Amino acid sequence: MGAGLGLALRIGRRVGTLAIVFLGVTFIIYIAVYALPGDPIRALAGDRPLDESIVEALRVKYNLDLPIWQQYLAYLGGLFHGDLGSDFTGRSVGSLMASRWPVTIALALTAWVMEVLVGLSIGIVQALKKGTALDHGLLALTVLASCVPVFVLGVLLQQLFGVRLGWLPVAGVRDGWPASYLLPAMVIALFGLSAVSRLMRGAMVDNLSADYVRAGRAKGFGQGRIVGVHVLRNSLIPASTYLATDLGYLLGGTVVIEGIFNLPGVGNLLFDAIRTHEGPTVVGVSTALILVFLVTSVLVDVIHVGLDPRLRRA
Amino acid sequence: MLDPELLELAPAAPRRSGVRRLVRQWTFMVPAAVIAVLLVVSLFPSVFAGIFGNGDPRVCDLYRSAGNPTAGHPFGFDTQGCDVYANVVYGARSSIVVGLTATAISVSIALILGVIAGFFGGGFDQVVSRLTDIFLGFPFILGAVVVLNSVGSRNALSVSVVLGIFGWPTMARLVRGSVRSVAGLDYVLAATTMGLSRLRIITRYVLPNAISPVLIFATISIGVVIVAESTLTYLGVGLAPPAISWGLQIAAGSRHFQTSPHMLLYPSIFLAITVLCVIVFGEGLRAAFDPRRHQ
Amino acid sequence: MTDTGSLLQIRDLGVEFDVDGARHVGVKSVSLDIARGEVVAIVGESGSGKTVTAMSILGLLPKNATVSGSVRFDGRELCGLSERELRGVRGRAVGMVFQDPVAALDPVFTIGFQIGEVVRLAEPRLSGREVRRRSAELLSLVGIEEPAERLGDYPHQFSGGQCQRIAIAMVLAESPALIVADEPTTALDVTVQAEVLDVLRQVKARLDSAIMLITHNMGVVADLADRVVVMRSGEVVEINDCIKLFESPSAPYTADLLAAVPRITAAPREVGESGETQAAASDAAVLDVRGLAVEYRRRPGGRVRAVDGVDLKVERGQIVGLVGESGSGKTTIGRAIIGLAPIAEGQVNVAGRDVAALRRAERQAMRRTVGVVFQNPATSLNPRYSVAETITEPLRRLGGMSRADAAERADDLLASVGLDARWRDRYPHELSGGQRQRVAIARAVALDPALLIADEPTSALDVSVQARVLDVLRDLQERLGFACLFISHDLAVVDSVADYVAVMHHGRIVEQGDRATVLGSPRQDYTRRLVASAPIPDPVAQRARRETWLSLT
């Protein structure tokens, strides 16, 4: 059996799956934006009366006179030429996003690194101290942090660190990275801690009772080496999958946090577009986000195979 | 031949040993009790709202706008001068209704699709799995925002339906995995080789044995949905007045946090405690029924 | 055995487990000695405490265990040592080999890395290159071919037998004076078992170490042990010299245990081969497989033939044993018969109808004429059904009986497998393995099938339980007269139940014929090797058989 052929088939399948997901998601977004009740042109005009001929011209310009599937195909055609569309005032969605990306990426990475470092450490400590008060206490804290809605957490931390203590900027990006990003990133990370630490704890507990651990002890290895080398590496496999997927979601922008901390990121752009019924912007930004998400999902696969040699068979 | 194996009638093993273990744990019983109280509160809010003598959330007095807690109004007043305590009590119903309805919808979708994918496999599995991938492709909240923003009238039902429709994919994966592992077990094979119908095999052999992880996950997801509802409301695409909900109160309170923190704190505390209890309750169930514990 | 001569001295060992507040006794006042260079087998059925005894030597018991008594190794008390002090004993003084060889290796590191770790532990001063050389040398000692190249491979790239060899190589690296081997060959096929036992024997000779061999297999005991400790319910019932134990056991329990072990006699049965006489009288075969090939699709486009060119017949009243090692395709044949495997070529006729040609409804109807008993009694019963529901379901749903009739018939069936009505309302998890298997058999014969397929029905059971379940099966077959395809890896079990034997290897039947002929004087090399590698519970005869086996490999 040709390993090369097997690999090619696997990659082919993967690309096919990604394409299906891409088409499916963009189509659903398209339907949600254009096919559901609510006239985007009228919404654009707000309370002002619009001349019927202008409405008609705009409809033609944005293909809104065509059946929904033809609109969608026209949109896909544009995508192939790297065109994400343009909004109702004529600016291209690509350029709208360009200035937003750095903010979202900086926020996502900061939050993600915090989540990884703190979440994994908590999970490891919990697993090693399984069943003790420390384990239960950390569980209670992380779960509690994930139960408080992020906007409440955001407002609370903003008040505490920004207003009362004055340690960090309350909102905006004037102070640049890291100062402006620490507070919002902390909120995101706090919310994500419980999932990361629970996964890591579970994987560690499973691995600590695995046969190879008992065999390692029987060979005379110390707990440090067994946990530090073997258990850790094995336990990172499930946690890494989750963390990489999570990074994909974070890079999609966090509507609520960007709003509270007044960060001009992609999430903010998207949310404003939704509120103002800027259909082309909603579709264009969503498409870009889905592409980012799909790219990280490929990354997940690569990491997975890198960490788990059992998956390397063709 | 005397057969010792047949003589000793095994002591009737506690069939529901998981339940017994749970009852002994306060970490399970406390959240269970809190949830029970909340359910009663959401069924009969007027009884509880009246405890301090001012039980109607819609009797408001603008002179007392954003007033601090006083006698008879332990949680103070909101910007309209309505009693926060009464609102919090009445708000429990919306949160719980949305939590239960949305979860029921997503569990139903997840069960149908998950069983189709897990039991029949092949092409069915491909289709369902891709559909799941598609719905996992964009964040839960984002999809809900886009759809709710287009929906004109928003009430507990429409919010629940939208959250339900976007909440099923993770559970469907869980059902699929659970069904696949049960469907591969010998007793399902045995039922097949007996010549039982597939419907009977699914309903009597596969589902009863595959459903518990899903139900446990669903319990936890009620908490997630309650938070999601408040987030949507905060973003202005969830429930809208005159509905009474924690989300609405928290959203309003967050705008006046500096001057009157009680408006944000009390509903937030109730919401957080509710979600915490639901999640801890779910985790307790998961731990108690984890098959690995019985080895 | 004098105290001065013993390497390991266990006195009054007791282990208790704390399970959710309740105390369970693991072992009770166990005393035994192992001398230098001696092989002592600890035998017993599941729950006898043999593994607990072994684990307590190195302090490897779970945290909820409380140990009392004394374990002295080379004059040094091990009970009560701290984890740090025990670390010096583990591996260096006492090495261990575990039951599941694949799970005992870390899946994400190469074999070279893992052996290297142990080599460094034993000899910390070695350079990187010396570690690699020593690792390769250890692999070659346990018979892994191209050892230097294979150091870069991961555990999943090795077979179970090879993984066990690697585990033994790691033990070898630290040259311990005692090797504790906990069911080292239970997870392996017989031919592989023979090889691994041979490696263990060579290692012992090389290190001049003692071995504590934990096993339930009397054949393995006879093959390797000098002395035997028999355990039951946490207590030692007999300690005896190996040859004496098999000749004249002193404890009645040992005698029962030995009597329950099936042996390959290949001798004709005294009370006439009932099956064969009936078979001669019957006209057509109940099961007639002709030129069967089964193909599975492998992921990237390819196809794998699991079974190829198989001809097999089972007649009414006959038990045909289908023997083979794991992966030989024997279970696939069982599945193909009930239409659960993709038939690529050939015919499978059950009671005169070709299974491959049936439509779904017809196939469902056909399945009612075939009963199946599975290997693992823990998973073959629906955990949500009581015993009564399990048996009445086919009667009512498929046999169309009324509730009352079905209940009555279910009681009869339970009685026929030796369970009385008290068991009706029990659920599977309240039954022992043997009891579950009886229920499974009752369910399989409920609709009075023409053919019964028994796929390894006793291999998950203890020997004494196995013997009784086989009795039940034989008894039912005599009364109901169904044709039976008995699939097993255990030649001795097949010898004790079957009239006719077919031997499978790599998806083909290499030899088939009358039981006494195939097992008594096999014609094919593979069959000979198979027969020779199954160790028999007789130390003297086993020694001779080992010679035969060595000459065949």
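This is a predicted model, so every value here is computed, not measured. Throughout, a chain's letter reflects where its sequence line sits, starting with A, and its residues are numbered from 1.
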Are side-chain heavy atoms of B:Met194 and C:Leu447 found at a separation under 4.5 Å? no
Is the count of non-hydrogen atoms from other residues, nucleotides or ligands lying under 6.0 Å from B:Phe124 atom CZ greater than 12? no
Test item: B:Thr192 and C:Arg367 side chains (from C-beta on) under 4.5 Å apart, heavy atoms: yes
For B:Asn209 and C:Pro383, which heavy atoms make the closest approach, and how far apart are they? OD1-CG, 3.1 Å
So what's closer than 4.5 Å to chain B heavy atoms on C:Leu340: side chain, backbone, both or neither? side chain
Less than 4.5 Å to any heavy atom of chain B: does that hold for the side chain of C:Arg363, its backbone, both, or neither? neither
Do other residues, nucleotides or ligands put more than 12 heavy atoms under 6.0 Å from the CZ atom of C:Arg23? yes
Side chain, backbone, both or neither: which part of C:Arg397 has a heavy atom under 4.5 Å from chain B? side chain
Kindly state whether the ring of B:Tyr205 and the ring of C:Tyr385 have centres lying under 6.0 angstrom apart. yes
C:Ser380 and B:Ala190: which non-hydrogen atoms are nearest, and at how many Å? O-CB, 4.2 Å
Given side chains that start at C-beta, do those of C:Val370 and B:Thr193 come closer than 4.5 Å, heavy atoms only? no
As an exercise: rank C:Met366, C:Glu393, C:Arg443, C:Arg335 by heavy-atom pairs under 4.5 Å with chain B and give me the winner. C:Glu393
Find the distance between CD (C:Glu389) and CZ (B:Arg204) and round it off to the nearest 0.5 Å. 6.5 Å
Proximal component of C:Ile338, with respect to chain B [non-hydrogen, under 4.5 Å]: side chain
So, taking the atom named CD in C:Gln375 and the one named CG in B:Asp186, what distance separates them when rounded to the nearest 0.5 Å? 8.0 Å
For the student: nearest non-hydrogen atoms of C:Gln364 and B:Ser197, plus distance: NE2-CA, 4.0 Å
Exercise: identify the closest heavy-atom pair between B:Tyr187 and C:Asn382: CB-N, 3.5 Å
